[in-house]
Structures are given as structure tokens and as C-alpha cells.
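As C-alpha cells, the structure follows; a few thoughts come after it.
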Amino acid sequence: MNYRLNHLKELEAESIFILREVAAQFSNPVLLFSGGKDSIIVSYLAKKAFYPAKMPFALLHIDTGHNFPETIEYRDYWANELGCRLIVGSVQEAIDSGKVTEEKGFNASRNFLQTAVLLESLETGKFDAAIGGARRDEEKARAKERFFSHRDEFGQWDPKNQRPELWNLFNARKHLGEHFRVFPISNWTELDVWQYLAAEKVPLPNLYFSHKRKVFERDGILLADSEYIPKKPTEIVEERIVRCRTIGDVTCTGVWESTATTIEEIIEEVSTSRKTERGGRTDDKRSDTAMEDRKKDGYF
Amino acid sequence: MTTELLRFSTAGSVDDGKSTLIGRLLYDSKSIFEDQYDAIKSASEKRGEEEVNLALLTDGLKAEREQGITIDVAYRYFATPKRKFIIADTPGHIQYTRNMVTGSSTANVALILIDARQGVIEQTRRHAIISSLLQIPHLVICINKMDLVNYSKEVYENIRQDFEDFASKLDVKDVSFIPISALKGDNVVDRSENMEWYEGSTLLYYLENVHIGSDYNFIDTRFPVQYVIRPYNDDFHDYRGYAGRIAGGIIRKGDQVMVLPSGFTSTVEKIDTADGEITEAFPPMSVTLLLKDDIDISRGDMIVRANNQPDATQDIDLRICWFNEKPLQLRGKYEIRHTTQTVRCIVQEIQYKMDVNTLHRNLEDKDIKMNDIARISIRTTKPLFVDPYSKNRITGSVIMVDEGTNETVAAGMII
Ligand SMILES: Nc1nc2c(ncn2[C@@H]2O[C@H](COP(=O)(O)OP(=O)(O)O)[C@@H](O)[C@H]2O)c(=O)[nH]1
């Protein structure tokens, strides 16, 4: 007798269980969609979890207005493919209406403004759960995150006062005005994600595959040349063969020199890589506890 | 891809070398990235340490960094070509018993660290007792810091004997012992040249090969219905699927099944997944069952075999670990979550409090506070379909929730 699942199938079964639990325990969940591989895999798993019915969640994209154009293109294609409603929370609108103030200077990023817009979108849509693609292996503050993560009425995370999570039992009880973040792929690593996307032949944004792009270097990280990032006079733009390892806002997503043009080559690269994927995220580099501090305020 | 998943918990008292050991496993199995390594290297230098302190790799939240202790369960990941590992890294101090219980709940293996200079101490016993209460199928006892006792066989054998004497009182089936030095690397990933007398496997070899194929219950069919799938479209007009995760047994197409609580019987017409129909399903698969007959089934129901049913009962005896600052209330009402059911209960009786260091049952002290282990009886508003925890960790476990604060206040194992 050999009734064993391989690790990808076991992770899939766990994530599908979590997604069904969200549908059963919340009245109005939404799936946060950034256009990156983690939110792609979560939405793909959601599609599988409710097959042959449609997934009972809309997609919510918090749009900084500073995206790679490829991200928006893919987002619209994928929402259509999944047959999901797409809701966009716009950082640009929040800036225009004076709700948030834009940072200034060379390292200005709208990444931090996303939190306010996210919380407002959740409130407007009356969403009681926001499903996200965070993984525990990504970052040390995330290593302690629960599958069902409680947020108070201000959207804040209290890492010292988290509910214990045991077995397959998830406690989604909350008071009025509070909500949950749910992370179905908590136990996946970067390599698991790539192996699964390859095995399932999930279509991906072109940004993940190597291509020619105008880039420049800042603090050891390659950034895409874009109208959204002011350059210093000493920063020289040149063309290189690169790809993204994570996809976020243009202003804080580093690109990597790479010749990987297929998923198999990406897996090869990831499994021999000596750098973490978030190593290219300038938003994490602001301080040693940048992620923990942002998460407490209600960030993804 | 035939890599399996193995979950293990670690617990150790402060300074046993737990962080060093995990750091060593990650480092020697090449699961550490350059930038992570650079970060701990400069942190080690800042602290004035000569060598790179691998323990810093498992550093967690800010408060913990400031206090230099682990206060919550942290999850870590590493993989070898054979297996992918999930470590539930838990603090060892008695005030964190609840975190240890949490980290142990889904583990296949418990890794218990002993400092060779100290031998079996109170904390070692507590970790072993909690691991056996949570029915972790395999225990591996790592006797660490062997370099500080001249890699002595005698020291190792004495500790081993001590532990075995004590463990004979516990309900543990499979115990292994490995002498290691987390700091120097002996017997962690590579075989030690300093302990020729030791003939067993290294820790990594053990983790890669320990038999976990029968850690689930494959005998007693249990399918808690999680969600009902109704597509409401023309292609799947009459489709009514019961989605859930197999909690026990093997379900095959054509099986005669019974639905609880209604007691109606039917036949499994189809086992559906998004990848197509399959002919059999087993734990821990997430599938969708379709039955021949049109019967009313909803979340919280359980699909079983007529000749092998769980107990349907409102009176349940539990061993609990209390998690909350507010003590357990006798006659208090709580929400109970069991598989996909949610009901209310009243605490009928507190039988005894158990000393987690000695297993001693205290029949007098019934004041159950945070981190206490106790045996209690509850009565629920509706029957639950339960198995003893020793038979099935999924259908044998519950959590208790405070209906006022919404906090999870206890974990319970059905006796
Ligand atoms: N000599 C020796 N020291 C060790 C060994 N393992 C850990 N240590 C040291 O013991 C101390 C505590 O280790 P640490 O991993 O931080 O313990 P934790 O509190 O259990 O996580 C540190 O100074 C380590 O360098 C070992 O195998 N041999």
C-alpha cells in the first residue's frame, strides 16, 4: 500500500482546504491580487477548490499607478480567464483627493500608501476576509503569521497576541468592524510555487521570463528605467537581459540579470540561487524590521 | 516529483542549542541564501562574536530579538531531494507550554534536545510529555553539545538510559537517540568522526527516512463535509458536490456510505477534483464527493461507513491545554469547534490538573490557568461525531473559543 501524496499535492490539498474554509466561514471574502506569482497561484488554487462552480470571491487589486504595463495587461486577462469580478483600489485617486500624501525624493515609493488604500477598499466593499499570497518562508515577520490572521478595527496586526492555530481547526470569529487576512499558501516556499506553476502549466506574466530591458543600478539593486523613478545624475541607464523574481510596484521591484526563458530554467535558477527573492525589494531594506512594522499597520 | 512532506516540531530550553541546530540544518542542507548569510554575519560581528552565529538565522520578531528569546511558534522550511521539511520551532519554557502544544499538533516527528552536560532535566520531560499527549508518532532525542563532554559514549548511554526509564511511562511508540554537536556539525548532516562508537544515523538521514507512511488513519472512513458545491449553470445543472478533506480511511467510488447525523445511506457515485474524476481518495486529500441519492447534506455533516461509525455524543471527556489568561470556568459556556462543526458546550466537570513535568494527577487543584493541562468533561448542545484522539488526530481534536472575546482559549484531545 502506498497512499502518499507528493509534497506539492499535499500543499495543494492544504491550500484548497483553507480556501473552502474561507468560503464557509466568512460572508464576504475577497482575494487580493497583485499580479505576482503568489497571488496568481492563490487564485488558481481558488479556481480548483470550487470546481466546477465559480470561485465565490472577487479579485481586489491595489493599484499604485506605478505598475509595469505588463502587470495590468496580465491582471485583466487573468480575471477574465477566472471569470471573476475585478475591483481596483487606486492609490492615484487617493493622492488626488488628498487622502494620502505622496513621498518625495529619489527613493519615493507609493508602496507605503497601499496600506491606507487597501484598508479603505476593504471597508467600502464591506469585506470581512482578504485572502493573500504571503508565504512564511519569505520574511522573518511572516514566519509567525497564522493561516487565519485576525485584524482589529483599524486593520492592525498584533503579532504578540495571535490566536493559537491547531490541527485543521480555524477560528474566524470576530467583532463588528474587524476582519481577517487569510494566507492559504503559508507553507509553500518559492521553489514549491515555481514547481507547482510548472507542473500545472499556469500561464504567467512575461515579466518573469528574461527579456531585454533598460535598467540602472542603485544600492546594488537593478531597477527598471521608468518615468516613475527619478534618477540621480550619476545613474546610468543601460540595456541588460533581466527578469523579475517578484512583481510589485516599479519603484521598489528590483530586476535580476538572468537568461531564464522557461519555467524549467527559472526553477533551475531558483534552486541554485544564493539570494532570497525579497533581496531585490527596496521596501524591505529600509530597516531590519521594515516588514514587521508595515504588517502591524495593516499591510499585506 | 516524488518528494514527501515531513513536519517536525522542535522544543528545547533556552541555551540547549536549538537555534544553532536549526541554523546548522538549514546551512548544511544549503537552504540558506547569500543575503541571509551576509545579514547574520554582520549581526554576529556587531555582537562581537568571532564565528558566524547560525542561531541568528532563526531569529523572529522584534520583541524576541530584543529579549533574545523565542516567544511564539515560528515556521521554517528546508528541503533535500528526498523530503521537504516544515519545522514548527517552539519555545521551551513552561510559560510557553501552549506554543509547544500548538507547534506539536500537526507534527510527524518531535525533535527533543538535551544538553549532554545536563542530561534529562525537567524541561526534557515536559517536552516528551507534551509530545506524547499530542500523539506525535515519532520522537528523536538529540543529545547535543557532545563536544563539551569529550564525545563520551558513557555520557550518551547514561542519558539514553535515563530517558528510556522515564519514557516507559509515556504513550510513545517510536523513540530514537542521536549524539550530536550542533555547533561543530557532528552527526547533524555529516557523520561524526569523533564518535566512531555511534552506529546509528545522522539527524538529517533520520529525518529523510523515518517512516511516516502510516501516520494517518487509513482504516476508519471519515469525511467531514466542509462546503457544498452547487454550480448553478447549464453544464452542471444538477451537480451537488460535497467538498471536504478526507480525515480517515480510504473512500472508493461505489462505496456504500452513511451520512451523519441523518443516518441516510447512499453510494459514492463520483469522487471529483478539478483535475478530473478519481477512483479512490485518502487522507489528507481535498476532494468533492457526489452521491447517488438526493439527500439533504450540509457543512458539519460527516460521511462514514455504516459498519464503522464514530461516536455520536454530547458528553465528551477531554484532555485540554488551557491557552488563556482568563482561567477555565467550571459550568462556563464555550464554543466548541470540531472538524467542520461548531456547537456550544458547558463545562460539566474538572477531573484533575496534570503536572506536565511529572504526569502527576492533582485531584485537588481545579484552578485551570494558562498553560495548564487538565482533564475535563463537557456537554455539547448537539452531538459531535468523534473518535478518540489516539485513533485519529483530526476527528479526535477540538478547540474551545470564548464567545465574548472570540479568542481560542483551549485545545482539546478527546479521550
Ligand atoms: N560547544 C557547543 N556549544 C553549542 C552547541 N550547540 C549550541 N551551542 C552553544 O550554546 C549556546 C546556546 O545556543 P542556542 O542555539 O542559542 O540555544 P537555544 O536557546 O536553544 O536556541 C550558544 O552559545 C551556542 O553557540 C554544541 O553542540 N556545542
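Convention: sequence-line order gives letters A, B, ...; per-chain numbering from 1.
Distance check: B/Arg76 CZ to A/Asp137 CG gives 11.5 Å after rounding to the nearest 0.5 Å. Distance OG1/A/Thr189 to NZ/B/Lys84: 4.0 Å, rounded to 0.5 Å.
Partners of A/Arg163 according to the side-chain hydrogen bond (donor to acceptor under 3.5 Å, both in side chains) rule, which considers only residues two or more places apart in sequence or in another chain, are A/Asn171. In terms of the side-chain hydrogen bond (donor to acceptor under 3.5 Å, both in side chains) criterion, B/Ser104 has no residue partners (sequence neighbours excluded).
Using modelled atom types, one finds no donor on one side chain facing an acceptor on the other under 3.5 Å when comparing B/Asp275 with A/Tyr51. Neither side chain, A/Arg146 nor B/Thr102, offers a donor N or O lying under 3.5 Å from an acceptor on the other.
Of the atoms belonging to A/Ala49, it is backbone heavy atoms, and not side-chain ones, that fall under 4.5 Å from chain B. For B/Val228, no part sits under 4.5 Å from any heavy atom of chain A, backbone or side chain. At a 4.5 Å heavy-atom cutoff, A/His150 makes no contact with chain B through either its backbone or its side chain. Both the backbone and the side chain of A/Lys48 come within less than 4.5 Å of a heavy atom of chain B. Contact annotation for A/Glu200: only side-chain heavy atoms (C-beta onward) come within less than 4.5 Å of a heavy atom of chain B. Residue contact with chain B, scored on non-hydrogen atoms closer than 4.5 Å, is absent for A/Ser15.
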| task | Please report the C-alpha distance between B/Thr106 and A/Glu165 in whole Å, then the side-chain angles of each, then the deciding distance to 0.1 Å, and finally whether the side chain to side chain contact (heavy atoms under 4.5 Å, CB included) criterion is met. | result | CA-CA 10 Å; B/Thr106 51; A/Glu165 244 172 29; over 6 Å; no
| query | Does the side chain to side chain contact (heavy atoms under 4.5 Å, CB included) test come out yes or no for B/Arg83 and A/His7, once each step is laid out? | reply | CA-CA 8 Å; B/Arg83 276 185 180 161; A/His7 76 289; over 6 Å; no
| Stepwise, does the salt bridge (charged side-chain N to carboxylate O under 4.0 Å, His left out) test hold for B/Arg337 with A/Glu21? | CA-CA 13 Å; B/Arg337 290 179 176 241; A/Glu21 210 53 24; 5.7 Å; no
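Geometrically, A/Arg136 engages B/Tyr75 in a cation-pi contact, judged by NZ or CZ lying under 6.0 Å from the ring centre and within 45° of the ring axis.
Heavy-atom pairs under 4.5 Å with chain A were tallied for B/Ala411, B/Ala243, B/Pro231, B/Ala247; the largest tally goes to B/Pro231. In terms of heavy-atom pairs under 4.5 angstrom with chain A, the leader among B/Glu407, B/Arg393, B/Arg299 is B/Arg299. If you tally non-hydrogen atom pairs under 4.5 Å between each of B/Asn233, B/Val287, B/Thr288 and chain A, the highest count goes to B/Val287. Counting heavy-atom pairs under 4.5 Å between each of B/Thr408, B/Leu5, B/Ile394, B/Asn406 and chain A puts B/Asn406 at the top. The candidate from B/Ile212, B/Thr339, B/Asp272, B/Thr342 with the greatest count of non-hydrogen atom pairs under 4.5 Å with chain A is B/Ile212.
Nearest approach of A/Ala13 to B/Met285, heavy atoms of both residues: CB-CA, 4.2 Å. When all heavy atoms of A/Phe17 and B/Gln226 are compared, the pair lying nearest together is O-NE2, 2.7 Å. Closest heavy-atom contact between A/Arg4 and B/Gly213: CD-CA, 3.7 Å.
A/Lys9 NZ: more than 12 foreign heavy atoms inside a 6.0 Å radius. Within a 6.0 Å sphere centred on CZ of B/Arg344, heavy atoms belonging to other residues, nucleotides or ligands number 12 at most. Counting heavy-atom neighbours within 6.0 Å of A/Arg85 CZ, excluding the residue itself, gives a total of 12 or less.
A side-chain donor-acceptor contact under 3.5 Å links A/Trp167 to the backbone of B/Ser105.
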